[in-house]
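Each chain gets a letter, A, B and so on, in the order the sequences are listed, and its residues count up from 1. In what follows, every heavy atom counts, from backbone to side chain, and hydrogens, waters and symmetry copies are set aside. Quick caveat: nothing in here was measured; it's all calculated off a predicted structure.
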Amino acid sequence: MVDILEGLNPAQREAVEAIEGPLLILAGPGSGKTRVIAHRVAYLIKVWGVRPRQIMAVTFTNKAAREMKERLYGLLGSSVEELTVGTFHAICARILRRDGKHIGIDSNFVIYDDDDQMSLVKRVLQELDIDPKRSPPRVFLSTISASKSQMTAPKDYVKSNYFEEVAGRVYQRYQELLAESKALDFDDLLMKVVELFQRQPDVLEKYQKRYHYVLVDEFQDTNIVQYILAKQLAGKHQNICVVGDPDQSIYSWRSADLRNILSFEKDYPDAKVVYLEQNYRSTKVILEVAHSVISVNRKRKEKGLWTENEEGLPIVVVESYNEQEEAQFVVSEVDKLVGKGKYKAGDIAVMYRTNAQSRAVEEAFIRYGMSYKLVGGTRFYERREVKDIIAYLRLIHNPYDSVSLSRVINIPPRGIGSKTTDQLDQMARERSIPVYTVLQTVSDDKSEQSLNSRTARALTVFLELLNELMKASQEMNTVDLFDLIINRTGYKDYLYENPDGEDRWENILELRTVADDYRELPPKEGLPAFLENIALVTDTDSYNEKVNAVTMITLHAAKGLEFSVVFILGLEEGLLPHRKSLDDPDQMEEERRLCYVGITRAKQRVYLVRAFRRSSMGATSVNLPSRFLMDIPPHLRTTPRGAADKLNPSAKPSTQQAKVEKPPLSAGEQVVHAKFGEGIVVSCVPSGNDQEVTIAFKGDTGLKRLLLSLAPLEKVT
DNA sequence: CGCAAGTACCTTTTT
DNA sequence: GGTACTTGCG
């Protein structure tokens, strides 16, 4: 029993032991927060005999949830299965599948992501005859999302100016179409659960009785709806424990509200507050640098973060000419650090403000033949071909899903063009019925004269295909259904009509391996489980720490991680802080926190790099050094001597290269591909646990990027 | 209706 | 430097 508390410092111990009533844990970076949460859960179960199913732990990402479970597995064994661990969104989705019917939500609802939402808004704009050029769909979406994050329904939406009047109508219609599609967006998942609990006290009571202990991590990044939700769930037992750090609040753009954590004590007057201030992660210098940056913020509570760790090296501030040179510096410095045997590539991370910045660094890594892990970026699930197949799967699961329907109704082309789909949309609107129902009437009722016979036939063929697939889904496992979709639609041939068909087809195969995880489930469970996973699990979640390669990641996504060495790129006015934040003091404070989060990820070394000029979106601009650099006292920083040498683009990738896993193919080798014929290897770089080979083929085929494990390749000797 | 070529706009960050 | 949307032709 005592062993659970062993090795914890007094504050951590206090946080673990305070099990009754509301508890606020203010945890600085590297203060062992995750450890405290895990031990607290273990303590509840092992010492107080709380049943695992009575505990809910809410995390910020699915990955954090998985790690929490893994950690607890080590402490508790298999009983972790009974715990409820997940993001607010995942937990809410589960609640709504189960009990959403009480407020009219079909248990087969689909979850609309950003892309789907955008399609829907565009359709609304078209219907309402609003010019998408004058009023960008994105603006409506963020207005809608902001409203939902405050629990404002369309009818309550305040319209005090012209824009709001229009936005109100868009919101109204958007919501109607969602309902018609039996779809919920991310915000709905949260909002509808709150609504469910408000309207059905007995349902709320069921959950309140079940969850004796509610724990919310990253509380500084929760929004009002999430706050209400947590309050509702803990309403009976009042055992709510929230953990966070206001200095690491970086999601206000997603309606995260810092007031949640700042006013927790007001809402729960008898709340106990524990400060975790000892840092176990970083050197003294790194903590001081971080502090010098964050302490400029005015809207913050000072806390006394300290460490017993060694002093450490000054942080390195580097100026480069442009982003190529910046990348060059990073790569050769990584090469040196790893070459000296001081660090493994996996101990190192490169961080940046915007995803677009990753390109130059990636190119440099590829040139050096060094492997890297890219977190985020162009996301797998956002690829066109992947979305197409997912749309088919969603449609089979829920044919009322209008976004998926309009996506695939003519993919591959089957003679149903925009004129026809416009007509279908219009008929749906006039009769206030879903498009799927219109489709059924058109196909049943031969007297439907509004369409000519050729299009009517095309629609019937499509509907029959859909019906066939839906029928098949009742008795097939997920992979067989997947294959059936591909075969019956001729999707592979469709892809191969384009020169990039092979690449795209490989993505389909990768999606298929995900579907394969659901092969064993009965038909009726497999598909929904697969779709839920796709909707809620992002690529960031699947990031694998075990692979020994440098991590490339945005500052946002880096929250919660730690690395021995951290490079932060683009410390320039307009980039970090981002130009969209320059004229808003609150947003500027958030940029500062973002920088703080980045610095505090580091255990031993920090490099802050900037470029004198940088090209983005075609044009190049000259940028001033970030104001954050000015806030770092000179005695804590250094600039590498002979920086110019390191920045020499012709500098060779030193000895280190031998240490990089030897690629199975190297540049210049001749190969034969089953389809493309003869070619010469241009490069071969690791990509995930595979190798990506770039090959120049003879003839018209030209350059191709292929995955080694999949491509039918042979070496010519 | 399908497809090719041209254009505007984009990029802050993600469940 | 890319893509999603528009335009114009067959």
Side-chain angles (χ1 to χ4, degrees), chain A residues 58-65 86-93 111-115 117-119 122 126 132-133 136-138 141-142 145 148-149 184-190 218 221-223 225-226 249-256 323 351-360 363 375-379 381-384 410-422 452 454-455 458 494 497-498 532 534-541 553-559 570 574-582 584 587 590-591 593-595 597-598 614-620:
Chain A
V58 185
T59 59
F60 188 69
T61 63
N62 294 291
K63 176 169 166 272
T87 62
F88 270 114
H89 293 88
I91 290 171
C92 286
I111 300 167
Y112 274 3
D113 67 15
D114 211 49
D115 228 43
Q117 294 183 52
M118 191 65 92
S119 311
K122 282 178 187 160
Q126 205 182 355
K133 288 220 178 77
R138 198 167 277 100
L141 262 189
S142 45
S145 176
K148 289 185 177 183
S149 300
L184 300 178
D185 64 21
F186 281 124
D187 297 310
D188 281 341
L189 291 174
L190 310 172
E218 305 287 8
D221 287 321
T222 52
N223 64 28
V225 181
Q226 292 167 328
S249 163
I250 52 177
Y251 283 91
S252 72
W253 50 274
R254 220 171 73 187
S255 301
E323 72 266 27
M351 302 180 185
Y352 34 80
R353 177 68 234 265
T354 66
N355 279 308
Q357 286 171 258
S358 68
R359 181 173 299 127
E363 283 168 2
V375 182
T378 325
R379 292 173 174 72
Y381 289 113
E382 282 170 17
R383 288 167 192 276
R384 194 167 60 226
N410 200 33
I411 299 281
R414 47 173 75 89
I416 306 172
S418 59
K419 212 171 147 209
T420 310
T421 50
D422 282 354
N452 71 45
R454 196 164 56 137
T455 44
Y494 163 69
E497 280 167 23
N498 288 304
E532 188 102 334
I534 286 169
L536 295 173
V537 175
T538 59
D539 298 336
T540 317
D541 296 323
I553 192 166
T554 62
L555 288 162
H556 279 91
K559 191 179 67 163
L575 195 56
L576 182 63
H578 196 273
R579 59 178 52 76
K580 303 229 166 174
S581 314
L582 293 180
D584 179 337
Q587 285 197 56
E590 183 147 317
E591 295 292 308
R593 292 194 291 268
L594 201 49
C595 188
V597 166
R614 177 182 300 275
S615 50
S616 58
M617 296 188 283
T620 97

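- Remark: side-chain polar atoms of A:N62 are paired, donor with acceptor, to backbone N or O of A:L536 under 3.5 angstrom.
- Of the candidates A:T222, A:D221, A:N223, A:D221 is the only one forming a side-chain contact (heavy atoms from CB on, under 4.5 Å) with A:Y251.
- For the pair A:E591 CD and B:dT13 P, the computed distance is 11 Å after rounding to whole Å.
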Pick out the pairs of N or O atoms, protein on one side and nucleotides 1-7 of chain B on the other, that lie under 3.5 Å.
| residue | atom | partner | partner atom | Å |
| --- | --- | --- | --- | --- |
| B:dC1 | OP1 | A:G417 | N | 3.2 |
| B:dC1 | OP1 | A:T420 | OG1 | 2.5 |
| B:dC1 | OP2 | A:K419 | N | 3.4 |
| B:dG2 | OP1 | A:G415 | N | 3.1 |
| B:dG2 | OP2 | A:N410 | ND2 | 3.2 |

Check your understanding: What string of B, S and - do you get for nucleotides 1-10 of chain C 5' to 3' if you count protein non-hydrogen atoms under 4.0 Å?
Key -> B---S-----
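- As rounded to whole Å, 11 Å separates atom C1' of B:dT15 from atom CD of A:Q117.
- A donor-acceptor pair is defined here as one N or O able to donate and one able to accept, closer than 3.5 Å; such a pair exists between the side chain of A:H556 and the backbone of A:I250.
- Side-chain contact between A:H89 and A:L190 is present, with at least one heavy-atom pair separated by less than 4.5 Å.
- The distance from atom OH of A:Y381 to atom P of B:dT15 is 13 Å, rounded to the nearest whole Å.
- Rounded to whole Å, atom P of B:dT15 lies 17 Å from atom CE of A:M118.
- Put simply, CG on A:N355 is 9 Å from C1' on B:dT11, counting in whole angstrom units.
- As rounded to whole Å, 9 Å separates atom P of B:dT13 from atom NE2 of A:H556.
- The shortest distance between side-chain heavy atoms of A:D188 and A:Y112 does not fall below 4.5 Å.
- Here the side chain of A:Y352 pairs a donor or acceptor atom with the backbone of A:I553 at under 3.5 angstrom.
- A:N410 places a side-chain N or O within donor-acceptor distance of the main-chain N or O of A:I416, the cut-off being under 3.5 Å.
- No engagement by A:R593 is indicated, since no non-hydrogen atom pair under 4.0 Å with the nucleic acid exists.
- Checked by atom type and distance alone, the side chain of A:S142 pairs as donor or acceptor with a backbone atom of A:R138 at under 3.5 Å.
- Checked by atom type and distance alone, the side chain of A:S145 never pairs as donor or acceptor with a backbone atom of A:L141 at under 3.5 Å.
- No side-chain donor-acceptor contact under 3.5 Å links A:Q226 to the backbone of A:F88.
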Study note, to complete from the structure: Secondary structure of DNA chain B per the Watson-Crick/G-U criterion (both distances under 3.5 Å; [ ] crossing, | other strand, . unpaired) is |||||||||......
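- At whole-Å resolution of the value, CG in A:D115 and P in B:dT11 are 12 Å apart.
- For A:F88 and B:dT15, the ring-to-base geometry does not satisfy the stacking test (centroid distance below 5.5 Å, interplanar angle below 30°).
- With values rounded to the nearest 0.5 angstrom, A:L189 atom CG is found 12.0 Å from A:I91 atom CD1.
- In terms of position on DNA chain B, the residue among A:D114 and A:R138 whose nearest nucleotide sits closer to the 5' end is A:R138.
- Between A:F60 and A:K559, the closest side-chain pair of non-hydrogen atoms falls below 4.5 Å.
- Taking atom C1' in both C:dT6 and B:dT11, one finds a spacing of 22 Å when rounded to whole Å.
- When rounded to the nearest whole Å, the span between CG of A:L575 and C1' of B:dT13 equals 12 Å.
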